[in-house]
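The analysis underlying the following values was restricted to heavy atoms, covering all of them including side chains, and did not include hydrogens, waters or symmetry mates.
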Amino acid sequence: MRRFSIALLTLLLGQFAAHADEAPSFKGKNVTVIVGSAPGGGTDTSGRLIAGYIAAHLPDKPTVVVRNVPGAQGVTAMNYFVKQVAPDGLTLTMGSTTQADPLLYRRPASAYDPTTFAIVGGVGRGGSVLMIRKDAEPRLHDKNAAPVIMGALGGVPRSGMQTTAWGVGFLGWNVKWVLGYPGTNDLMIALERGEIDMTSTANLFLAQKLIETGKFIALSQTGSMQHGQMVARPEWGGAPLFATLIQDKIPDVLARQAFDYWASMTAIDKWIALPPKTPEPYVRAYREAYQAAFTDPEFSGLGKSVSEDFEPMAYDDVEFLMRKLGSTPPEAIAFISTMLHKQGVEAE
């Protein structure tokens, strides 16, 4: 009798495991995507495009409903996502660089931690390029010459533009910052007119337009994350990865943690995820659907229509970046502000 009971239990457990491992059915169901910004923005547009293609590759092709929950830089949506959403495989969230930043989600008002989410996939921008006028490059490495003028947007320089701060801090670049430009187009015009000597952008079209004049060169690029490694973007004309230029120049542990945080912030852009504790079969189904979506030429084509810098990212690369950001101590993040302050740039 005991042997019979054990055999029956083994059979039942085996059947349960097999059932739990089966692909879930989405027949007649709606999948909701929570977006932490207003309709029409980059995150919202990317979320609608990505979610639609994921649903098209899920079993039984469920209907997708996008729900915008703007507020507090996306914190309102993320808090709702972890507090109110059941991990039943029917709700996703579309996040951006901001919501992945521990500076935001470590605040008292934040109740979420994206490192606990089941990442489905993401989109990168292919990295940014640092451009400089050819006739100004020699001055970059000569402290006796007039400083190279680095143009940046108003406020704290964006992550791609902070490449210059690392160059000044650890490569000895001779640079003077000029901030206050209202937009990327204004920076490009200033560069063409000679008001500034150097700036950074992730806009492929604008950068190539200037480089093709022969008056500018791509000094370095931040690259994009593929299979756990930063890789160069060929469109930047062979510009070296900045991480390669600086890899042996940062011996201090805290500074290295700060650099890794910065590099991760430049690599991550939009990402889509399921709530913590979502059953594995659902997670696997969504990841397989996203993999199928981003290998679809039509998906990539539509993505490029949204943004020329639309670069799909696999879930494991997004997870890697999330963990890297989440493991950064506060003092390492503060290091960047200190470095910028020393260069005359006010940053918080």
message: How long is the straight-line distance from NZ of Lys270 back to CD1 of Ile50, given to the nearest 0.5 Å?
response: 9.0 Å

message: Counting only heavy atoms from other residues, nucleotides and ligands, does the tally under 6.0 Å from CD of Gln247 exceed 12?
response: yes

message: One pair to check against side-chain contact (heavy atoms from CB on, under 4.5 Å): Met225 and Met230. What are the steps and the verdict?
response: CA-CA 5 Å; Met225 176 67 66; Met230 297 302 294; 3.6 Å; yes

Residue pair Leu321 / Met313, side-chain heavy-atom distance below 4.5 Å: yes

query: Residues in side-chain contact (heavy atoms from CB on, under 4.5 Å) with Pro147, at least two apart?
result: Asn174, Lys176

- request: Nearest 0.5 Å please: distance from the CG atom of Leu187 over to the OG1 atom of Thr199.
  value: 4.0 Å

query: Taking the side chain as C-beta and beyond, is there a heavy-atom pair between Thr213 and Glu192 under 4.5 Å?
result: no

query: Centres of the Tyr290 and Phe294 rings: under 6.0 Å?
result: yes

task: Go through the structure and list residues passing side chain to side chain donor-acceptor pair (under 3.5 Å) with Gln162, not counting sequence neighbours.
output: none

task: Step by step, work out the side-chain contact (heavy atoms from CB on, under 4.5 Å) result for Leu90 and Asn30.
output: CA-CA 7 Å; Leu90 296 178; Asn30 291 334; over 6 Å; no

task: Please check if the side chain of Gln221 supplies one atom and the backbone of Arg233 the other of a donor-acceptor pair under 3.5 Å.
output: yes

query: Under a 4.5 Å side-chain heavy-atom rule over Ile, Leu, Val, Met, Phe, Trp and Tyr, are Trp236 and Phe205 clustered together?
result: yes

message: Has Ser46 got a side-chain atom pairing as donor or acceptor with Thr43's backbone, closer than 3.5 angstrom?
response: no

task: Given side-chain contact (heavy atoms from CB on, under 4.5 Å), test Val69 with Phe81 step by step and report yes or no.
output: CA-CA 10 Å; Val69 187; Phe81 187 64; over 6 Å; no

message: Could you tell me if the side chain of Val82 sits less than 4.5 Å from the side chain of Pro275, heavy atoms only?
response: no

query: Can you tell me if Asp197 uses its side chain to pair, donor with acceptor, with the backbone of Ile132 under 3.5 Å?
result: no

Taking every non-hydrogen atom, the tightest pair across Trp177 and Met161: CH2-O, 3.4 Å

- prompt: Is Tyr286 close to Leu58 at the side-chain level, that is, under 4.5 Å between some pair of heavy atoms?
  reply: yes

query: Roughly how far apart are Leu103 CG and Thr328 OG1, rounded to 0.5 Å?
result: 9.5 Å

query: Is a side-chain N or O of Arg139 found less than 3.5 angstrom from the main chain of Ala146, in a donor-acceptor match?
result: yes

query: Taking the side chain from Asn79 and the backbone from Ala109, do they hold a donor-acceptor pair closer than 3.5 Å?
result: yes

statement: All heavy atoms of Val283 vs all of Ala118, minimum pair found to be CG2-CB, 3.8 Å

Phe242 and Phe259 aromatic ring geometry - parallel, tilted or perpendicular at 30°/60° bounds: tilted

Donor-acceptor pair, side chain of Asp186 and main chain of Gly183, under 3.5 angstrom: yes

message: On a heavy-atom basis, which atom in Ile119 and which in Ala273 lie closest, and how many Å separate them?
response: CD1-CB, 3.9 Å

message: Just verifying a value: how many Å separate Leu92 CG and Ile272 CD1, rounded to the nearest 0.5 Å?
response: 4.5 Å

task: Using a 4.5 Å cut-off on heavy atoms from C-beta on, say whether the side chain of Tyr80 contacts that of Thr93.
output: no

query: Under the salt bridge (charged side-chain N to carboxylate O under 4.0 Å, His left out) rule, what pairs show up with a residue in residues 79-106, not counting sequence neighbours?
result: none

- request: Mind checking ring pair (Phe, Tyr, Trp, His ring centres under 6.0 Å) for Tyr105 and listing every partner two or more places apart, or none if nothing turns up?
  value: Tyr112

- prompt: Say you draw a straight line from CG of Leu104 to CD of Gln73; how long is it, rounded to the nearest 0.5 Å?
  reply: 5.5 Å

task: Assess whether side-chain contact (heavy atoms from CB on, under 4.5 Å) is satisfied between Arg67 and Thr91, documenting all intermediate values.
output: CA-CA 10 Å; Arg67 181 179 177 189; Thr91 306; over 6 Å; no

message: Under a 3.5 Å distance rule, please check whether Lys134 uses its side chain to pair with a backbone N or O of Ile217 as donor and acceptor.
response: no

message: Taking Gly40's backbone N and O only, do any of them form a donor-acceptor pair with Arg48's side chain (distance below 3.5 Å, no angle check)?
response: no

task: Answer with yes or no whether the hydrophobic clustering places Val178 together with Val148; edges join I, L, V, M, F, W, Y residues whose side-chain heavy atoms lie under 4.5 Å apart.
output: yes

query: Side chain of Gln99, backbone of Ser96: donor and acceptor closer than 3.5 Å?
result: yes

field: All side-chain contact (heavy atoms from CB on, under 4.5 Å) counterparts of Thr266, not counting sequence neighbours
entry: Ser159, Thr222, Trp262

task: Report yes or no: does Ser200 contribute a side-chain atom to a donor-acceptor pair with the main-chain N or O of Val129 at less than 3.5 Å?
output: yes

- request: Please report the closest heavy-atom contact between Gly36 and Ala77, naming both atoms and the distance.
  value: CA-CB, 3.4 Å

task: Check the angle between the aromatic planes of Trp271 and Phe117 and answer parallel, tilted or perpendicular using the 30° and 60° thresholds.
output: tilted

Pairs meeting criterion ring-ring contact (aromatic ring centres under 6.0 Å, His included) with involvement of residues 313-333, two or more places apart: none

- request: Kindly give the heavy-atom pair with the smallest separation between Pro87 and Pro276, and that separation in Å.
  value: CB-O, 3.5 Å

- prompt: Same hydrophobic cluster for Leu325 and Val253, using side-chain heavy-atom links shorter than 4.5 Å among ILVMFWY?
  reply: no

- prompt: For the residue pair Ala232 and Ala239, what are the closest heavy atoms and their distance?
  reply: CB-O, 4.5 Å

query: When rounded to the nearest 0.5 angstrom, what is the spacing between CG in Leu191 and OG1 in Thr201?
result: 10.5 Å

